[in-house]
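In what follows, a single structure is set out as structure tokens and then discussed.
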Amino acid sequence: MFRLLICLFCFGFSKVSIAQDINRNLMFWENRIIDVGTILQENGTVEVEFLGLNQTDSPIVITDVITDCGCTATAFDRDSIPKSKVSSIKVSYEPDYLGGPFTKMIIVRTNQDIYGDTLYFRGVNVTMPEDVEAAYSHKYGTIGLRLPVINMGNVYTNEPKTKMIEIFNFGRDTLRLEGHELEVVKDFISTKLSPEAIAPNSRGILVLEYNGLERNDFGFVNDHVLFQFNTISDPIRLNLIANLFEYFEPVPKTKELEVPRIGINEIDLDLREVRSGQNVKKSIQISNIGGEPLEIRKVTTTCDCLQASLADYEIGVNGSTRLEFNFDTSGRKGIDHKHITIFSNDPINPVRTIVIKSNIK
């Protein structure tokens, strides 16, 4: 009898769960998350629209739309939504003075779903500075920027990364972007102005999309990009920096021994006391402890005083090679830390760092 009651309880619970799951999918939303990107506070209210399809056999009535913030307002049709028809919910957001990334939650309740569907819209609110001269102090003719460097941060090879750069037009003419050039052979970025034309004494956003796969490098990279605008004769030259990493799909636990795996016999090497001006030479063994050939993509160091070379960049299964390095201590004194970074096709640990410590006398 006890087992029977447990089974009946489980069966009843399952039916309730299934009913709730079905109930959760009464409306099919074209987008449950809408990203409005970067918005400027001075442009005022931003409006987004969520479109929902009634995929049931009976009419649905939206009874309530709840937001999590007083800065967000909603408008929706209270008439019934027939089968296979679409209804919309318009959400407006008034940017505040705080600025920064934001995410707003909207709960949509209907006559058939008291719990409601949850929708989100998000973006980045850029507030208007009180002192534009101080805020956009890096001037190039009549164009003002906050910084002379565009820092993309970490960029992965699986998808381009977008950066929004504030730009202020101090001039008397409308500002337009005419194009860009890179001081390298291959172009790996795309650029545009938002809006396309920035009025005098106004600001906009310079949108830069960086393709890490096209850049075809690893680790820290520093490029120079030339932006050509219609209101100045000479292009604006800015540093464009990024940390590039190869993207790998997650590896199941059962496959960890089947993929390339890098093994390093010493990752924390203490040279102890060395003499200033001395060239210290050492070698470290690099092994492939995985089930597929290991490819070393790149080896970098944190200083020109530390030179590293690898005998082989392709290591077969159960194979190994030697990493030789030479540390020139000329002009150095005291406790010193240097790094050697190895980029490989090991999908679990694609970036490995060797720390070299010393006390230079």
Side-chain angles (χ1 to χ4, degrees), residues 21 24-25 28-38 101 103 118-124 150-164 182 184 186-190 207-223 240-268 284-302 308 310 312-321 323 339-355:
D21 286 343
R24 291 294 184 198
N25 296 305
F28 174 80
W29 298 96
E30 180 184 37
N31 294 293
R32 287 183 174 269
I33 301 175
I34 295 179
D35 193 328
V36 297
T38 299
T103 300
T118 304
L119 310 174
Y120 298 92
F121 80 94
R122 63 192 181 195
V124 178
I150 302 173
N151 186 352
M152 298 299 301
N154 293 342
V155 180
Y156 293 86
T157 55
N158 62 319
E159 61 181 5
K161 184 174 182 179
T162 301
K163 183 80 171 183
M164 309 289 185
L182 284 161
V184 292
K186 195 170 186 180
D187 195 349
F188 53 89
I189 66 172
S190 63
V207 184
L208 187 148
E209 186 177 83
Y210 191 116
N211 190 319
L213 185 63
E214 292 293 327
R215 181 60 180 81
N216 192 30
D217 205 343
F218 299 103
F220 177 79
V221 293
N222 184 6
D223 296 292
L240 176 61
I241 62 176
N243 279 309
L244 303 182
F245 298 96
E246 186 172 0
Y247 175 81
F248 295 93
E249 294 288 346
V251 177
K253 193 75 176 175
T254 56
K255 302 288 186 181
E256 287 186 356
L257 298 179
E258 300 177 13
V259 297
R261 298 299 309 276
I262 186 171
I264 305 174
N265 71 327
E266 289 184 276
I267 60 171
D268 195 349
I284 297 171
Q285 180 172 291
I286 309 296
S287 304
N288 180 6
I289 57 176
E292 293 182 353
L294 177 70
E295 297 178 10
I296 305 300
R297 309 290 202 207
K298 187 178 182 181
V299 178
T300 66
T301 67
T302 52
L310 201 62
D312 299 296
Y313 280 78
E314 294 187 9
I315 308 172
V317 177
N318 298 322
S320 64
T321 189
L323 175 71
H339 294 169
I340 299 174
T341 303
I342 302 173
F343 299 85
S344 76
N345 67 333
D346 178 345
I348 298 173
N349 289 302
V351 182
R352 298 293 303 274
T353 300
I354 300 169
V355 180

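Just so you know, these numbers come straight off a predicted model, no measurement behind them.
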Answer whether the closest heavy-atom distance between the side chains of [X] and [Y] falls below 4.5 Å.
X      : Y      : result
Thr321 : Leu310 : yes
Ile286 : Ile262 : yes
Ile267 : Arg352 : yes
Asn265 : Ile284 : yes
Arg122 : Ile34  : no
Asn222 : Leu240 : no
Met164 : Val124 : no
Asp35  : Phe121 : no

Side chain to side chain contact (heavy atoms under 4.5 Å, CB included) evaluation trace for Leu182 with Phe188
CA-CA 9 Å; Leu182 284 161; Phe188 53 89; 3.8 Å; yes
Extract all donor-acceptor atom pairs below 3.5 Å that involve side chains of residues 245-261 and protein atoms in other chains or at least two apart in sequence.
| unit_1 | atom_1 | unit_2 | atom_2 | d |
| --- | --- | --- | --- | --- |
| Glu246 | OE1 | Arg297 | NE | 2.9 |
| Glu246 | OE1 | Arg297 | NH2 | 3.4 |
| Glu246 | OE2 | Arg297 | NH2 | 2.9 |
| Arg261 | NE | Asp346 | OD1 | 3.4 |
| Arg261 | NE | Asp346 | OD2 | 3.3 |

Heavy-atom pair with the smallest gap, counting every atom of Ala308 and Val299:
CB-CG1, 4.1 Å
[X] side chain to [Y] backbone, donor-acceptor under 3.5 Å:
X      : Y      : result
Asp187 : Ile189 : yes
Lys163 : Asn151 : yes
Asn243 : Gly153 : no
Asn288 : Glu292 : yes
Asn345 : Glu295 : yes
Thr302 : His339 : yes
Lys161 : Tyr210 : no
Asn211 : Glu214 : yes

Show the numbers, then the answer: is there a side chain to side chain contact (heavy atoms under 4.5 Å, CB included) between Thr341 and Lys298?
CA-CA 8 Å; Thr341 303; Lys298 187 178 182 181; over 6 Å; no
From OH (Tyr313) to OG (Ser344), nearest 0.5 Å:
12.5 Å
Looking at Ile289, Ile342, Leu323, Ile340, which one forms a side chain to side chain contact (heavy atoms under 4.5 Å, CB included) with Ile264?
Ile342
